2 protein chains.
Amino acid sequence: MKALSRRIDLGARLTSKHLIAHPTEEPIRRKRSTLADVAKLAGVSAVTVSRALRHPRMVSSALRARIDAAVSELAYVPDVAASRLASARTHAIGVIVSSLTNGVFADYLRALHDTLLPAGFQVVVFSSRYSADEEEKVIATLLGQHPEAIIIAGIDQTPHGRRLLERSGVPVIQTFELTDDPIDINVGLSQRQAGYAATQYLIDRGHRRIGYTAARLDARAHARMEGYNRAMADARLPTDGLVATTPRPSSVSAGGELIGAILDRRSDLEALFCCDDNLALGALFECQRRDIAVPDQISIIGFNDLEFAACAHPPISSVATPRYEMGRLAAEIVMKIIEIGERPADRRIDVGFTISERGSTMPVARPQARRALSE
Amino acid sequence: MKALSRRIDLGARLTSKHLIAHPTEEPIRRKRSTLADVAKLAGVSAVTVSRALRHPRMVSSALRARIDAAVSELAYVPDVAASRLASARTHAIGVIVSSLTNGVFADYLRALHDTLLPAGFQVVVFSSRYSADEEEKVIATLLGQHPEAIIIAGIDQTPHGRRLLERSGVPVIQTFELTDDPIDINVGLSQRQAGYAATQYLIDRGHRRIGYTAARLDARAHARMEGYNRAMADARLPTDGLVATTPRPSSVSAGGELIGAILDRRSDLEALFCCDDNLALGALFECQRRDIAVPDQISIIGFNDLEFAACAHPPISSVATPRYEMGRLAAEIVMKIIEIGERPADRRIDVGFTISERGSTMPVARPQARRALSE
DNA sequence: GGGAGAAATGAAAGCGCTGTCAATTGGCAA
DNA sequence: TTGCCAATTGACAGCGCTTTCATTTCTCCC
């Protein structure tokens, strides 16, 4: 029997010797050049250099060329700190997400960049790493940078964090979720409603023993689970032994383990709603390993409709959330407020969701295939 | 025949009416409170407040308590711009990666955060979005923030970008790849060598008709392809029709399309080296769709050993790169230089790589199963 | 109890840049 | 040629904070 995974060392190995240090030889940390340096080199005053850089048309083209040359010669880069202090504008939009590396935030961040960068804003991204405490710290750090607006994922800030945001005096957009009591403006969707819809979707297709798996129980995962519970209760379906969760971060392997845990208790599982697509992919692989046909024996639906869902085999059904749209909308609202002082008519904007129906769930028309009971 | 993917609208829809604007009613953008405000409220001088915040032990505990109360009362957050300007220290480490959302950078960024945050540094992350031009801009933007060191993924900066970095006067660590001519310090691995090793691994297992797929032809993908070409040439194996690439970003679906393109030309394909694991996963799904057994008919090996590789079905062999280690090492080097002025003995550190051998490739011992020729 | 030294606090300067307003130059109509 | 306006350019102050140095207050021991 061959090992599942065998590691073969090939490259050089990492050893502590790499860190043997020797006294620095060249502390030539030459001073960064400043506006004054450029001005001296170009033979003009500092103000003129500043203007040549900020408002080129206020400076004669001859001077501008001389200044550009000096800037290039000295590899001059303006100091944002000084600039911000003097001008009271930062052109920075603060963005806080739960994770920099979760695929869910990819489209959202891309939308923010796509919309804000061309308009001359800088996007300052921080990650709360799914921790309320860390989020609070990150909010403070971000405010220290005087962003002109803040776009934050989620609605579950700590009281202190919320207070900081309220007092910041800049527009705050809460995204991803929907709340009745936004700090300022709220652009999102009802995670609870989406969880309900996904579960109802499975119920509508004739399933009764519907499981739920979730990892990293953040507020959004909880809301989806509430939706699941409510849908099951509304349909008078029991959920005993059908739910498996873990506080660990979501991953494909966790998805396999979670469905495994349910199957070990409930071999009669008919359908599974996974709190996110990674879990769904893991569940699909686990079914393949156990020779359980998807969707004939078990239907699987994921959440977020990440890229891979559509091209898995079978393709995975998923609740699609308009993340790019949400990001674009948040960015546009922010720019409108900053630049023309116009605020949206509603403080609360529901971007909705859809269900992408694919091969991992049975279509409603098809007669129910029941999975043979294996002991 | 049922549609591969059917979308079902469920939530509220996004319409332009959301953006109907009305004049802002409350331009109460109240001034942010400053050190002076806190000082006045606490009945002390501004210097004392600054000290209470930066060096608490220099201030009597009674005063400290009063000041903390005032800080809290006013939701005061220090202005980093002013702080940086006055102190000439930013405690910021600039990090530039090719993509914020590619899983490859996840462990790396996590390592940087894990190592630098506890030491009191702020990690400022920028994405070059796989564009040399954008990287150049981002370098300038970053330098404007006066980071105390820069950690940048890749070695292929533009001449101007390189010049900016060289002139910045701060330590620069280039990561991921290895170069003979680092800007300052280089921590990485030979992508070319890794590509060679992966190909050689397949050759060693008796394969001859070995394909290669790659997406988004950045420098690292090129280096891996060079390794593939060299390994094939060394073994005197032809590569005609066995290579498929696309300039699009890497994705699971692209992985399926690329192996599909090869299979359409070369139905006798025996093994495939994918430039990254997403492509490998897509290739695996495409094989499943075409009823091609992995690894019995085609062996697949990926690159980077992302989380899902180990739990796919079959688990996907992959070239494992020590991304967390690389990030940690880069962060430690940076801190050593900044805090005690110690530089590593070598300017160039090879972190190596390994091959994680799994079920998607045939073990060397096993007799070769040849794929039946289907026209 | 007095004085030395330590601890706690404050005053003033200035980081690098930009906004405001003043000064200079050039062009052109009268 | 003169005067006036527009186009350029410069001087100066100050953004909010920290550093340095000076001053005040407190401790402690002879």
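What you see is a predicted model, and the numbers here were worked out from it, not measured in a lab.
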Closest to side chain of [X], choosing from [options]:
X       : options                : answer
B:Arg51 : D:dG10, D:dT18, C:dG10 : C:dG10
A:Thr34 : C:dG10, C:dG16, C:dT20 : C:dG16
A:Ser87 : C:dA11, C:dG19, C:dC15 : C:dG19
B:Leu85 : D:dT18, C:dT18, D:dG16 : D:dG16
B:Val59 : D:dT20, C:dT9, D:dC17  : C:dT9

Between A:Glu332 and A:Arg328, is there a salt bridge with N-O shorter than 4.0 Å?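 A salt bridge links A:Arg328 with A:Glu332.
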Tell me the interatomic distance from [X], atom [atom1], to [N], atom [atom2], rounded to whole angstroms.
X        : N      : atom1 : atom2 : answer
B:Asp37  : D:dC15 : CG    : C1'   : 14 Å
A:Leu53  : C:dC17 : CG    : P     : 10 Å
B:His55  : C:dA7  : NE2   : C1'   : 16 Å
A:Leu63  : D:dT9  : CG    : P     : 4 Å
B:Arg57  : C:dA7  : CZ    : P     : 12 Å
B:Lys40  : C:dG10 : NZ    : P     : 15 Å
A:His146 : D:dG16 : NE2   : C1'   : 8 Å
A:Leu35  : D:dA11 : CG    : C1'   : 15 Å

Rounded to the nearest 0.5 Å, what's the gap from CD1 on B:Ile150 to CG on B:Leu143? Could you check?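 One finds 4.5 Å between CD1 of B:Ile150 and CG of B:Leu143.
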Within this structure, what is the CZ-CD distance for the pair A:Arg163 and A:Glu136, rounded to the nearest 0.5 Å?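 Output value for this atom pair is 10.5 Å.
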So, is [X] close to the [N] phosphate, meaning a side-chain N or O under 4.0 Å from OP1 or OP2?
X       : N      : value
B:Thr48 : C:dG10 : yes
A:Ser60 : D:dA7  : no
A:Ser45 : D:dG10 : yes
A:Ser50 : C:dC17 : no
A:Tyr76 : C:dG16 : no

Does one side chain, of B:Gln145 or B:Gln122, offer a donor that lies under 3.5 Å from an acceptor on the other?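 No - no donor-acceptor pair under 3.5 Å links their side chains.
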Could you check whether B:Arg54 gets within reach of a base, just the sugar-phosphate, or nothing at all, counting any heavy atom under 4.0 Å?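 Touches sugar-phosphate only.
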Is there a donor-acceptor pair closer than 3.5 Å between any side-chain N or O of A:Arg220 and the backbone N or O of A:Glu177?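 Looks like no, no N/O pair under 3.5 Å.
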If you find the nucleotide of DNA chain C closest to B:Arg84 and the one closest to B:Ala46, which residue's nucleotide is nearer the 5' end?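 The 5'-side residue here is B:Ala46.
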